[in-house]
Amino acid sequence: LAPATTKSAARIELTEVTGANVSLRFAIGYAIGKPWISAISLIRNAGTALWAAKSDPLAGPRQFRDADHEQARRRVRLTRELKMAVANDEFGYHFQPQVDLLTGEWLGAEALIRWNHPLFGSQLPGSFIETAERSGLLLDLTERSLTTVATFARHINEHRDKALRFSVNVSSGEFLQHDMAEVLDRVLRLTGAEPGWLTLEITESMFLSDTPGVRDAFERLRRIGVGLSVDDFGTGYSNLRSLETFPVTEIKIDRTFVGELATNSSKRIIVRAVIDLGRALGLTVVAEGVETEAQRAMLCDMGCPVGQGYLFGIPADEETFASTLQKSWSLSTDVTEQQR
């Protein structure tokens, strides 16, 4: 019988820039051996624990747990299904309108990815995006998705005097590992879409990477003409310096602030401050999660220009979105004619 032993594994990522400091990130997973466990199983368990540690790098070293086995099996199965899903093009987008809070005019939409699973139906991104990123499938998926959204944007905007802008979420990990400016350039050339029709939404944690490489990528995207939005502003690691350092064009107020506007004075103060800050910096401010007329009215009083939420429409597939947009445009035209 093998004696009890401990195995560990670690990941170290180096950012090599000549003449600059080296940034290190690492995760540690380990397993404690038992007499009846083979060395191969012990190493496998340590690797499984390492994977779990990568999912929560702030939690510190992670010891292998029996429940990790089941999670590993689910991850392997999901990765296999995702590979088939990408090959079979089982992904699509639902679109939720973003409107002028004062007039109700549609200004754009957020594109929300859905996996049309053949067995379980429409799946939200939270159930598969992390696995897609870790398995290396996300780049192919994102480029296809951006192509889909850009093609739809061209379809919507080709007969409009005032174009709608479509926002797409991009993970920070993918943004760091791949040249998103090059990806966007390929997508725009392939689809014929205008760069001003697209905005990339990036989570606040992305702005912790205050490195020349990240800033350069942002600046190249802005030179192309693609917008950059800080998603869920105020809920993570954002700081005011990031709004000065990075060439962002938009900030989105998280729904957790909007949902309590009527009942929480602290939330109202924060929301008003973000709106004033955005206006002073020349940024578009979008309030997420607007569900009631009372919330819309309060945001209007605070000077927030754009809103998104169930009050204006639920996320809908391409056909439903286009049909609803046409009805909204017809209604707006009728109102304008009556006013004349």
Side-chain angles (χ1 to χ4, degrees), residues 11-25 54 57 93 108 110-111 113 125 129-130 132-150 153 165-252 278 281-286:
R11 176 188 67 172
I12 299 179
E13 297 182 1
L14 304 180
T15 302
E16 298 182 2
V17 181
T18 303
N21 293 329
V22 177
S23 175
L24 301 178
R25 291 187 296 164
K54 290 178 181 179
Y93 270 94
E110 180 178 358
I113 193 169
I129 286 295
E130 181 180 355
E133 184 173 7
R134 292 189 180 280
S135 62
L137 294 169
L138 193 56
L139 177 62
D140 187 34
L141 176 57
T142 297
E143 186 158 354
R144 291 190 185 193
S145 297
L146 286 168
T147 301
T148 298
V149 175
R165 179 182 288 271
F166 291 84
S167 300
V168 184
N169 287 277
V170 179
S171 76
S172 58
E174 180 188 16
F175 201 99
L176 288 169
Q177 296 172 28
H178 304 289
D179 190 336
M180 289 304 299
E182 182 179 323
V183 171
L184 261 296
D185 185 61
R186 284 198 302 269
V187 168
L188 293 171
R189 283 189 283 106
L190 177 65
T191 62
E194 295 291 335
W197 297 346
L198 299 177
T199 294
L200 299 185
E201 291 191 12
I202 306 163
T203 56
E204 289 183 337
S205 59
M206 179 66 187
F207 296 92
L208 289 178
S209 302
D210 188 7
T211 65
V214 173
R215 290 197 302 273
D216 177 68
F218 279 17
E219 288 166 359
R220 288 170 58 206
L221 283 166
R222 287 299 301 128
R223 285 197 295 270
I224 291 174
V226 175
L228 294 171
S229 175
V230 186
D231 196 17
D232 300 335
F233 186 81
T235 61
Y237 307 96
S238 63
N239 58 71
L240 299 182
R241 185 171 178 271
S242 67
L243 298 181
E244 176 190 17
T245 303
F246 295 94
V248 299
T249 58
E250 175 183 282
I251 51 180
K252 299 189 76 174
L281 293 175
L283 305 176
T284 300
V285 180
V286 180

Student: Where is the tightest heavy-atom contact between A193 and A150, given as atom of each residue plus distance?
Tutor: CB-O, 3.6 Å
Student: For a 4.5 angstrom cut-off between non-hydrogen side-chain atoms, does V230 reach F246?
Tutor: no
Student: Run T199 and T284 through side chain to side chain contact (heavy atoms under 4.5 Å, CB included) and show every step you take.
Tutor: CA-CA 12 Å; T199 294; T284 300; over 6 Å; no
Student: For S145 and I113, which heavy atoms make the closest approach, and how far apart are they?
Tutor: OG-CD1, 3.6 Å
Student: If you take all heavy atoms of T249 and G227, which pair is closest and at what distance?
Tutor: OG1-CA, 3.6 Å
Student: Begin from the C-alpha positions of L281 and I251 and carry the test side chain to side chain contact (heavy atoms under 4.5 Å, CB included) through to its verdict.
Tutor: CA-CA 11 Å; L281 293 175; I251 51 180; over 6 Å; no
Student: Test your reading of the model: is there a side-chain donor-acceptor pair from R165 to the backbone of G196, 3.5 Å cut-off?
Tutor: yes
Student: Return yes if some donor-acceptor pair links the side-chain N/O of T147 with the main-chain N/O of V187 below 3.5 Å, else return no.
Tutor: no
Student: So do the side chains of T142 and V183 get within less than 4.5 Å of each other, counting heavy atoms only?
Tutor: no
Student: Starting at OG1 of T191, measure out to CG of L146 and round the result to the nearest 0.5 Å.
Tutor: 9.5 Å
Student: What heavy-atom pair brings V170 and M180 nearest, and what distance separates the two atoms?
Tutor: CG1-CE, 4.1 Å
Student: Rounded to the nearest 0.5 Å, what separation is found between the CD atom of E182 and the CD1 atom of I224?
Tutor: 9.5 Å
Student: Looking at side-chain heavy atoms only, is the closest gap between L184 and R220 below 4.5 Å?
Tutor: no
Student: Looking only at heavy atoms, which two atoms of Y93 and V168 are closest? And how far apart?
Tutor: OH-CG1, 3.7 Å
Student: Would you sort out whether R222 and E219 count as a side chain to side chain contact (heavy atoms under 4.5 Å, CB included), showing the intermediate values?
Tutor: CA-CA 5 Å; R222 287 299 301 128; E219 288 166 359; 5.6 Å; no
Student: Can E250 and S229 be counted as having a side-chain donor-acceptor contact under 3.5 angstrom?
Tutor: yes
Student: If you compare all heavy atoms of A181 against all heavy atoms of L221, which two are closest, and at what distance to 0.1 Å?
Tutor: CA-CD2, 3.6 Å
